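The figures that follow rest on heavy atoms only: side chains count, while hydrogens, waters and symmetry mates do not. Note that the structure is a prediction, hence the values are computed from the model and not measured. Per chain, numbering begins at 1; letters A, B, ... match sequence-line order.
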Number of protein chains: 2
Amino acid sequence: MAARASSKTSESSDKVSVICRALRRAIIEQALEPGAKLPEDALGERFGVSRTIARHALGQLAAEGLVELRRNRIAVVATPSWQEARDAFDIRIELERLVVRQLAGKLTKAQIAELNAHVDAEDRARGGTDAVSIRLATEFHILLAHMTNSPILVRYVSEVAYRCCLTLSLYSRPHSTECAINEHRAIISALAKGDAAKVMELMHHHLDSVANRALVAPTPQRGRDLLDILAPYADEVTSNRVIKLPKVARRS
Amino acid sequence: MAARASSKTSESSDKVSVICRALRRAIIEQALEPGAKLPEDALGERFGVSRTIARHALGQLAAEGLVELRRNRIAVVATPSWQEARDAFDIRIELERLVVRQLAGKLTKAQIAELNAHVDAEDRARGGTDAVSIRLATEFHILLAHMTNSPILVRYVSEVAYRCCLTLSLYSRPHSTECAINEHRAIISALAKGDAAKVMELMHHHLDSVANRALVAPTPQRGRDLLDILAPYADEVTSNRVIKLPKVARRS
DNA sequence: AGCGCTCGAATTGCATGCAGTTTGGGCTCG
DNA sequence: CGAGCCCAAACTGCATGCAATTCGAGCGCT
């Protein structure tokens, strides 16, 4: 059976969910960079809701690991450490191996067509911005997860994939999406053939190479976040004023 | 290296988190059964906070899958379907294999002692209620996850383990905790020996057998939640009044 | 008795208000 | 010229109030 009983995902259409979706998308498209401030009333104003709702949305996103919430402090887009990025990818590999294991040989023709259509879209977007390519690539993986019809698996794969997106914007060098697209195609065809072992191996290699291509080595020896992030800029500072970090989203 | 940099878990000490912890515990100890109602103001009153806070807490727990939230409807403790229970265990197996893979041979003597102490506690609790045994067993797995020092892994393992707890209270027959305890000990010793493949196999088998022991077959053919849940009680009803389902936490 | 309807009580969705904390710009002083 | 202090503005933590929706007990009808 390729399809179990359909089940709607938890996120319906109340205002909180709408804001969550909007912010999530803004984050993974890097419109909001890691560290960007997210004041409750600015969000509320922007989305036409009260602070209560914005706050609630931030709480949800914090639960997903996309924003960081510290008591009495303004919320910011999460800034995962390099180690957390690696951890996220490790988890992601296991989860997605599970996805393709469940899916191998179980896909309907329609589902395979849907997957191919998605990769076609990725192909067409190759000319566009990096952000869109990354989003589409991520959505391919989430689409796969959906096809398992396991809401829990969908949730976890989505979450960890978004997290990985976030880290890519932190640690990646401008990377070519070419091979990723080819690997997506290979995965689809192996899924269609029903070779579970092969497709698990493909997925493993795919994610591993994305991680390795993207996550450049852990910077000499990370002492603690801010200090060594700023280290490369230290020499500039000696002969110059400290550069003020860019802020985000002031009200009009 | 057995220990990475320590990192505090996200859940600090604001009122929302306190309520979350309390409810989580109540749920996994089956003080709150699946389906139990969780009205916002009852919770608020019980914990001495406003509805706003109770509501926020419910949102967090919903994100973890422990409660179900439907628009304009009273929140209830989640009632996972049998299929969701299986899915949760499948995911859990993969995640915890990852945990022990990372841990094999990397544990300090102190950590091993801590694990053994925990299992001793499980042992001592064998006389107590099922609920406590289940909680302790779950906490053993979470303790393992903590030792990876990967906050993300901790979060996912905890979540999915709690979920599994929840399903156990739905679908399990009264089970013996004996073998589980022995299996925990076996896992510890394999971890200490550093045999990654062995300990992954042990963990896999452990969780699989817990799932199989606990999750009794999917009841003939599940049509929809309520109907077949009530099926076994149907005969009582014919000759008797309908038994009112227990409600939760009325105000004093 | 069983079934459907109606209306008040219970409950949620959301905005607003107030108090306490953090932030950062300017002023003073070394 | 730079370091430290101070205070107002910005922001969060939380409670409360009001409108909209759901729930369920009772009533009437069959």
Give the minimum heavy-atom separation between A:Leu69 and A:Gly59, together with the two atoms involved.
->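 Looking at all heavy atoms of both residues, the shortest contact is CD2-CA, 4.0 Å.
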
Atom pair distance, as rounded to whole Å: [atom1] in [X] and [atom2] in [N]:
X: B:Ile53; N: D:dT16; atom1: CD1; atom2: C1'; result: 12 Å
X: B:Asp41; N: D:dA15; atom1: CG; atom2: C1'; result: 13 Å
X: A:Leu43; N: D:dC11; atom1: CG; atom2: P; result: 11 Å
X: A:Lys37; N: C:dT22; atom1: NZ; atom2: P; result: 15 Å
X: B:Arg55; N: D:dA15; atom1: CZ; atom2: P; result: 15 Å
X: B:Phe47; N: D:dC14; atom1: CZ; atom2: C1'; result: 17 Å
X: B:Ile74; N: C:dG13; atom1: CD1; atom2: P; result: 11 Å
X: B:Glu40; N: D:dT16; atom1: CD; atom2: P; result: 15 Å

Given C:dC14, D:dG13, D:dA15, the nucleotide with the shortest approach to the side chain of A:Asn72 |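 For the A:Asn72 side chain, the nearest candidate turns out to be D:dG13.
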
Counting only side-chain N and O atoms of B:Arg73, is one of them less than 4.0 Å from OP1 or OP2 of D:dC23?
->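 Checking D:dC23 against B:Arg73, a side-chain N or O does come within under 4.0 Å of OP1 or OP2.
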
Side chain of A:Arg51, base of D:dG13: donor and acceptor closer than 3.5 Å?
->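 Yes, the side chain and the base share a sub-3.5 Å donor-acceptor pair.
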
Partner of B:Cys165 under side chain to side chain contact (heavy atoms under 4.5 Å, CB included), chosen from B:Val160, B:Leu66, B:Thr138 =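 The passing option is B:Thr138.
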
Please walk me through it: do A:Arg135 and A:Glu139 pass salt bridge (Lys or Arg N to Asp or Glu O under 4.0 Å)?
-> CA-CA 6 Å; A:Arg135 178 169 64 79; A:Glu139 282 172 357; 3.1 Å; yes

Please examine the side chains of B:Leu43 and B:Leu38, heavy atoms only from C-beta on, and report whether any two atoms are closer than 4.5 Å.
->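 In contact.
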
5′-ward residue of the pair B:Leu58/A:Ser50 relative to DNA chain C |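 Final value for this comparison: B:Leu58.
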
